[in-house]
Each structure stands twice: as structure tokens, then as C-alpha cells.
Amino acid sequence: MTGRTLYDKLFDAHVVRTESDGASLLYIDRHLVHEVTSPQAFEGLKLAGRQPWRKSSMVAMPDHNTPTTPGFTVITDAVSRTQVETLDSNAAEHGLTYFRIGDMRRGIVHVVGPEQGATLPGMTVVCGDSHTSTHGAFAALAFGIGTSEVEHVMATQCLPQKKSKSMLVRCDGRLATGVTAKDLVLAIIGKIGTAGGTGYAIEFGGDAVRALSMEGRMSMCNMAIEAGARAGMVAYDAVTEAYVQGRPFSPRAEQWDAATKHWRTLVSDVDAKFDHTVVINASELIPQITWGTSPEMVVDVNGRVPDPDREKDSTKREGIARALAYMGLTPNTPMNEIKIDKVFIGSCTNSRIEDLRAAADVVKGRRRADNVKLAMVVPGSGLVKAQAEREGLDKIFTAAGFEWREPGCSMCLAMNDDRLEPGERCASTSNRNFEGRQGAGGRTHLVSPAMAAAAGIAGHFVDVRRLG
Amino acid sequence: MERFTVHTGLVAPLDRANVDTDAIIPKQFLKSIKRSGYGPNCFDEWRYLDVGQPGADNSKRPLNSQFILNEPRYAGASVLLARQNFGCGSSREHAPWALLQNGYRAIIAPSYGDIFHSNSLNNGLLVIRLPEAQVDQLFHDCAAFPGFQLVIDLELQQVRATDARYAFDFEIAAGKRERMLNGWDDIGLTLKHSAEIAAFESKHLAAQPWLA
Ligand code: SF4
């Protein structure tokens, strides 16, 4: 018998039944819920006279719409407020585990799940949010779903799913100092393209991934969806185990021993066959920046804005030209000459304590450049915020002219008041540089936290390793 | 969901790759807690010259005459032609809702974002994958023949020219096809297996009690 991949193990362990057309009914262990994609699902449930199948599987919190103004207590935008209040009342009606506004534990659902131990190895984890892939960092099968599927999981604890193909992205070598998991995953997306992972579940492996912290692994799995893959994952190891131990939802005592015994099997067998393998040499990598309107439009920090005239394929040429027009960039401009207006350090990709430490390291004792109108730091959760404050990071940021905010999604998608104005250019640690993503007409460049911080200090992009 | 069997409709072309769900329906419209009312804001940032807000009267907003779907010849289109990786990005089901409520019943593209693809089928929006060369041909014909229509036949799994000059076969998972043909409720179908789910669950949670 040939070996099984981690994906095979996770998928097969949750199959309730398989239909004649090959689709399986997959059992869901954890269902994370936020305010934007759940109201219609709760309503559907009610209209059909159904109840949630297993309420204890659900953990809910508002994150997308919540203000980040220091010390806020009410949401002034009436439409946003209604959406959050709808989640308040749905959570109360069903008695769900709920982190409301004002609760220290509240934050971005993909930061809070792991932080609470609500995400555990071996689980199937779903959420009405594409970046649910983040939780795959725990050797879990985690993927984003739509609102109909949110309702489906609420009502049945299951989802009809077809098994994906499997892809191994093996990252050999070791990342150089100043080069991060974010740079690595951006380089991978640059290589395989935003549709490269479509139809696949990606496992990130190799020495460079093994050497990453859980924060780094989460940043990588977070962006699996930007490579087109619904799920990304990393095998279980001592790093996973150390992170999970002692979290509020984690098993304790004898249950811990039984759990870890099981979790240690959550690796791809050495003779497992993947449908596709991509190899990256992580040692050669330098910091990455996106220049366009899709995460695959990425270059080295010392690279230049591409020239559409040098692209032979006409669809691609038009795509480059359209992106450059939107981004207001001239072909062949060196990336490190591009000036920025704003800095956003946050989002479920890069708002964990390690990200904030890396950014604080860069800004310490320095000042935000005059041309940078706003540099905001938005922690991923109330607990990340408290930890950062214990370490004095907030003081470092504010002394450097960076704003220190309340947790939430914030300018990652600009559903609250944090947004780019038309034409504004932003160094952002988030995951999507789509047209209008951070505000209509806004121009987003995706980078690591250290690179975003460095751009805020220099006023333009710069290789953080050369900042001195 | 509404049943889908055979549909004949006017075709509109959107000739760009990687159209993401943020472009299909911008985030400010996601604040709504309803399932309806998204149609006029489908492709909002391309469709209008100003920035749309929830609750605004869209009929009073300035249209972008440069946006191809605003051309009068495509008014009333119900089949959308698109390029590679259509619907990538966010999982918002508001994207298929907006497309459906804007009058589209079917989309034809070489590939789709995975989550968008399942969201669409779950709502009765037929997303069809055809090879690049066939999609090219459709784009060509759509530009060449004003009023170009296609027959979308889910029963035969075929996209046909109305004059039957060509017919392209497409694949769709058998279960999904059956559900769409009959307009069945997915949740109801899964709940038929309640006993099996409950049996699986009790074994699963007994073996891994920390999951309960
Ligand atoms: S931080 Fe951004 S990507 Fe992450 S869940 Fe919030 S809106 Fe989505």
C-alpha cells in the first residue's frame, strides 16, 4: 500500500458517507462564525424551522465591521451596527460561544481560533471566509465556505465535498535574516499563479517551513487561497504541539496525552504520492512586493515594475497594462523608488504578536516619513494587543508616529472607516491587492510586516535589510 | 433554488482574467443582512462612475460608458462569458447573488475560483467550464454577431449556438447536476442521512473527546 498524504488522512477520517458520483459527506469539527457571512444562514435556518446540529462546534465573533478607534464602544455606521447586533442576537438565541465587542478575546476570527485552541490538529475547520485556510497550519483540514454552506454546516454538521487533488510545495533551504514567511508565500504565488492551486489542497513542507513558527506557518496557509487552493496545510510537529498546549480549548491531562498520540500521526507518509510537487529554494529568496492588482503580480524588492511591451502573450500584456494604469505606475520604475501614502500593519495574514514584534523592531527609535499620512497598526485580537502592550510595542509604534488601534479586520477590506482614498498608495501586510479592496481607487502593495514598517520610515519601499 | 434545465439567452462578454469577487460585489454591500437587492451593484466599481453606497438610488448614478456590460447591445443578457479564474478571492456568496439578481443564469469561463464555483451551483447559477479555445470562439462570435445568443442545456450538458452550428459538451458533478435540474434543497438531502451522521459523530467524538 502506498503512503497517504496529510490531506488524505484528514479527509478520510471525516467521511460520513460517499455518494455514487464520488462526492463525500464530510463531518465538520469546528465552525467559526462572523457577522458578514452568517446572518442569511441563521435566517435560512429559522425559516426552515431547523436548529444548529452541534452548537458546541460553533465559535462566533464580529471582526469585519468593527471600528478600530482606540476605546470605541459603539459602532456609528448604522448598517454595520445592525449586522453586528444581528450576530449578537443569533449567538444569544442559540447559546453559542461568543466573543462580543468589549471582550478581550475578540479579534479576527482566524487569529482568535488558534489563539483559543478552538483550532486543533486533526480537525476539519470551516468558516464563511476564504482565509479559513489559515487554520491548516495546525495540520487541520480548513477551508472557506459560502453562506449556503454555512447554513448547511449549522443544520447538518456536514458538507458534501469532493476530494481535491494534492500538491506539495516543498521549500528547501532556510530563509535569510529579514526574509519572512510572507515573502516565501508571495514568491510561491508569483511562481504558480493565482490559479495554480485551483482544485488542489496544498501542503507546505520542506526545511524552510519546518523552521517557521506557528505564526509564520499561519501566514503561509492564510494565503493558500490566493494561490487558488481552498486549503493549505502544514504537518504536525513539536512546534505545533508547543503552540497548542495550555490554550483554553485545548485538551488537558490524559486527554492531552491521547490527543498528542493521535496528532503525531498527522504528517504525510514518506512514500505518499502528491498529484503535483513544486520546489522552491528558500535560501535564495529576498523580500517580495506586489506591484499589481493580483497577488501573483509580485517582484523582488530590488526589482522593477514590469514592462507590458516585453510580454508576448496578449491577454497577459493587457492584464499588466490594466494593472499598471490602476496602480498609477510607470514600467521599469525601480520598486524601491515608489513612494507610499499609508501603511497598514494588520489582517489575518500578519497581525499576530510575532508580526508586531518584527515591525516594532524596524520602527524603534525612528520616525514615520513626512509623506506618509497614516501608518496604522491593528492587532489581530484583544489578547495580541494586550501582549504587545505588556512588551511595550505600542509605545514604540506611537513614538514613531504609527497609530495603535483596536483589533479587527480594518483596512484589510475597509468595511469599517479605515480605508484608502482614491489614488492613495499603501504598504499593506494583508493578503489581497485587488482593485478597490482597501477602498475604491486605493492602491495596495502587499509586503511583510518588517517591509511595511520600513516603507513607513523611509516614505518609499526599501529593502528592510538595508535600512541600517 | 430555482430549477435549471434548458436556458436560451443573450450573451455578454467580460474579457478579463482573474475577475475577483471584490469586483463582482464590493464590500460595502456586504453589510446587508438580506439575501436580495444586490443586482444593481453587480460590478459596481466598473459599472458606475461614482462610488456606490448601500441604500443609494442606483438608477440616479452616472454609468461608466466605457464598461462593456453597459453597452445597450448587452442589456438583458443572461449568459456571461468570462476568462480564466473568474470569481477568485473572497468567499462572499453575495457574488453569485449579485450575478443572479442582475439577470445572469449561466457563466462560461475556462476556470473559476473554487469557493465561488460551489457557491454558484448552490444558488442555481450554472457555472460552466469550457476549454480556452472554445471560450475564444464564443468571445469572437459574441463580438461579431449583435444579439448573439446561446442555448445552455443542463440536461444534455451542452452549450449550443442557437443555429446549431456548434455544440460544446461540458462536465458537471452528477450530484450537483441532479440538484440543479430538480431545484432540490441541499440541506434536506443531507438530512436524509441524519442517522448516519449521528452514528459517525458519536464514534468520532468518543474516540477524540477533546473535539466535543
Ligand atoms: S483580515 Fe482581511 S482577509 Fe482576514 S478575515 Fe478579515 S477581511 Fe478577511
Side-chain angles (χ1 to χ4, degrees), chain A residues 16-17 19-21 23 25 27 29 36-37 39-40 43 48 50 54 56 65 79-80 82-83 86 120 122-123 128-130 144-149 151-152 155-158 160 162 194-195 198-199 228-230 250-251 255 259 262 294 315 318-319 322 413-415 432 434-437 440, chain B residues 15-18 20-23 26-28 30-35 45-46 51-52 54-55 83-85 88-94 96-97 111-116 118-119 122-123 173-176 185-191 193-194 196-197 199-201 204 207-212:
Chain A
V16 174
R17 55 176 282 123
E19 306 292 343
S20 54
D21 71 341
L25 204 56
Y27 185 82
D29 295 315
V36 179
T37 54
Q40 297 87 351
E43 189 195 46
R50 294 173 176 137
R54 185 162 67 83
S56 64
N65 269 303
V79 200
S80 292
T82 304
Q83 198 165 54
T86 305
L120 291 173
M123 274 183 167
D129 191 284
S130 57
I145 56 179
T147 298
S148 299
E149 292 170 318
E151 186 182 338
H152 202 123
T156 72
Q157 212 57 42
C158 291
K162 234 186 164 123
T194 47
T198 305
R230 223 168 166 171
S250 294
Q255 277 203 17
H262 168 57
S294 159
T315 312
E318 278 165 36
R322 189 182 286 136
L413 94 162
M415 261 183 100
R432 286 189 174 137
F434 298 159
E435 285 186 21
R437 170 79 178 182
Chain B
D15 193 2
R16 37 169 110 187
N18 298 314
D20 55 77
T21 51
D22 280 71
K27 65 252 163 182
Q28 61 270 36
L30 275 51
K31 293 180 182 183
S32 165
I33 57 169
K34 301 204 191 83
R35 241 175 223 275
E45 284 181 19
W46 294 337
V51 177
R83 292 291 185 185
Q84 191 220 77
N85 206 23
C88 58
S90 147
S91 65
R92 58 189 71 166
E93 199 155 312
H94 313 68
W97 294 339
S111 60
Y112 297 91
D114 276 347
I115 306 178
F116 172 80
S118 32
N119 284 346
N122 286 339
N123 282 278
K176 290 283 180 204
D185 164 27
D186 267 11
I187 296 177
L189 290 180
T190 297
L191 284 175
H193 307 296
S194 291
E196 239 173 303
I197 298 170
F200 177 94
E201 180 172 66
H204 186 65
Q208 300 177 52
W210 55 88
L211 295 177

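These numbers come from the heavy atoms of this one structure, side chains and all, not from hydrogens, waters or symmetry mates. In what follows, chains carry the letters A, B, and so on, assigned in the order in which the sequence lines appear, proteins first and then strands, with residues in each chain numbered from 1.
Of the listed residues (A:Ala414, A:Gly228, A:Ala229), the one with the most heavy-atom contacts under 4.5 Å to chain B is A:Ala414. For the options A:Gly122, A:Pro251, A:Gly146, heavy-atom pairs under 4.5 Å to chain B are most numerous at A:Gly146. Chain A forms more heavy-atom pairs under 4.5 Å with one residue of B:Ser118, B:Pro54, B:Ala23, B:Pro96 than with any other, namely B:Ser118. Taking A:Gly144, A:Ala259, A:Ser56 one by one and counting their heavy-atom pairs under 4.5 Å with chain B, the maximum is reached by A:Ala259. If you tally non-hydrogen atom pairs under 4.5 Å between each of B:Arg92, B:Lys34, B:Gln84 and chain A, the highest count goes to B:Lys34. Contacts with chain B were tallied for A:Ser148, A:Gly128, A:Ala195; A:Ser148 has the most, counting heavy-atom pairs under 4.5 Å. Ranked by heavy-atom pairs under 4.5 Å with chain A, the first of B:Gly89, B:Ala17, B:Cys88 is B:Gly89. Annotation: maximal heavy-atom pairing with chain A below 4.5 Å, among B:Leu30, B:Asp185, B:Leu189, B:Asn18, occurs at B:Leu30. Interface remark: of the candidates A:Pro160, A:Gly319, A:Gly199, A:Gly199 forms the most heavy-atom pairs closer than 4.5 Å to chain B. Chosen from B:Asn119, B:Ile187, B:Thr190, the residue pairing most often with chain A at heavy-atom distances under 4.5 Å is B:Ile187.
Listed by chain and number, the residues in a side-chain hydrogen bond (donor to acceptor under 3.5 Å, both in side chains) with B:Asp186 are B:Arg179 (sequence neighbours excluded).
At distances below 3.5 Å, at least one donor-acceptor pair connects side-chain atoms of B:Lys27 with backbone N or O atoms of A:Gly436. The backbone N or O of A:Gln83 lies less than 3.5 Å from no partner atom in the side chain of B:Lys31, so there is not a single donor-acceptor pair. Between the side chain of A:Glu149 and the backbone N or O of B:Ile115 there is no donor-acceptor pair closer than 3.5 Å. Without hydrogens or angle criteria, B:Asp22 side chain to A:Arg437 main chain gives no donor-acceptor distance under 3.5 Å.
Atoms CZ and CZ, on B:Arg16 and A:Arg322 in that order, are 4.0 Å from each other to the nearest 0.5 Å. In this structure, OG1 in B:Thr21 is found 6.5 Å from CZ in A:Phe434, a value given to the nearest 0.5 Å. Atom CG in B:Asp15 sits 7.0 Å away from atom OG1 in A:Thr315 (nearest 0.5 Å). The structure places OG1 of A:Thr198 at 5.0 Å from CG of B:Asn85, a figure rounded to the nearest 0.5 Å. The OG1 atom of A:Thr194 lies 9.5 Å from the CG atom of B:Asp20; values are rounded to the nearest 0.5 Å.
Classification of the B:Phe200-A:Tyr27 ring pair by plane angle, with boundaries at 30° and 60°, yields tilted.
At a 4.5 Å heavy-atom cutoff, the contact between A:Ala155 and chain B is made by backbone and side-chain atoms alike. For a residue to count as touching a neighbouring chain, one of its non-hydrogen atoms must lie under 4.5 Å from one of that chain's; by this rule A:Ala48 does not touch chain B. Contacts of A:Thr147 with chain B are made by both backbone and side-chain atoms, with heavy-atom separations under 4.5 Å. Looking at B:Tyr112, the atoms closer than 4.5 Å to chain A (heavy atoms on both sides) all sit in the backbone: N, CA, C or O. In this structure, chain A has a heavy atom under 4.5 Å from the side chain of B:Asn123, while its backbone stays farther away. Contact annotation for A:Leu120: only side-chain heavy atoms (C-beta onward) come within less than 4.5 Å of a heavy atom of chain B. The contact between A:Gln157 and chain B is made entirely by side chain atoms (from C-beta outward), counting heavy-atom distances below 4.5 Å. Neither the backbone nor the side chain of B:Pro26 comes within contact range of chain A; no heavy atom of the residue lies under 4.5 Å from a heavy atom of that chain. Looking at A:His152, the atoms closer than 4.5 Å to chain B (heavy atoms on both sides) sit in the backbone and in the side chain alike. The contact between B:Glu196 and chain A is made by backbone and side chain atoms together, counting heavy-atom distances below 4.5 Å. With a threshold of 4.5 angstrom between heavy atoms, B:Ala173 approaches chain A through its backbone and through its side chain. A:Arg432 touches chain B through its side chain: at least one heavy atom from C-beta onward sits under 4.5 Å away, while N, CA, C and O do not. In this structure, the portions of B:Ser194 lying under 4.5 Å from any heavy atom of chain A include both its backbone and its side chain.
Here the shortest heavy-atom pairing between B:Gly175 and A:Asp21 reads N-OD2, 2.8 Å. The shortest non-hydrogen separation linking A:Ser130 to B:Ser91 is N-OG, 3.4 Å.
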Q: Would you check, one step at a time, whether the test salt bridge (Lys or Arg N to Asp or Glu O under 4.0 Å) holds for B:Arg35 with A:Glu151?
A: CA-CA 13 Å; B:Arg35 241 175 223 275; A:Glu151 186 182 338; 3.3 Å; yes
Q. Which is it for A:Glu435 and B:Trp46 under the side-chain hydrogen bond (donor to acceptor under 3.5 Å, both in side chains) test, yes or no, and what are the steps along the way?
A. CA-CA 10 Å; A:Glu435 285 186 21; B:Trp46 294 337; 3.0 Å; yes
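Taking the side chain as every heavy atom from C-beta outward, A:Asp29 and B:His204 approach each other to under 4.5 Å. The shortest distance between side-chain heavy atoms of B:Leu211 and A:Met123 falls below 4.5 Å.
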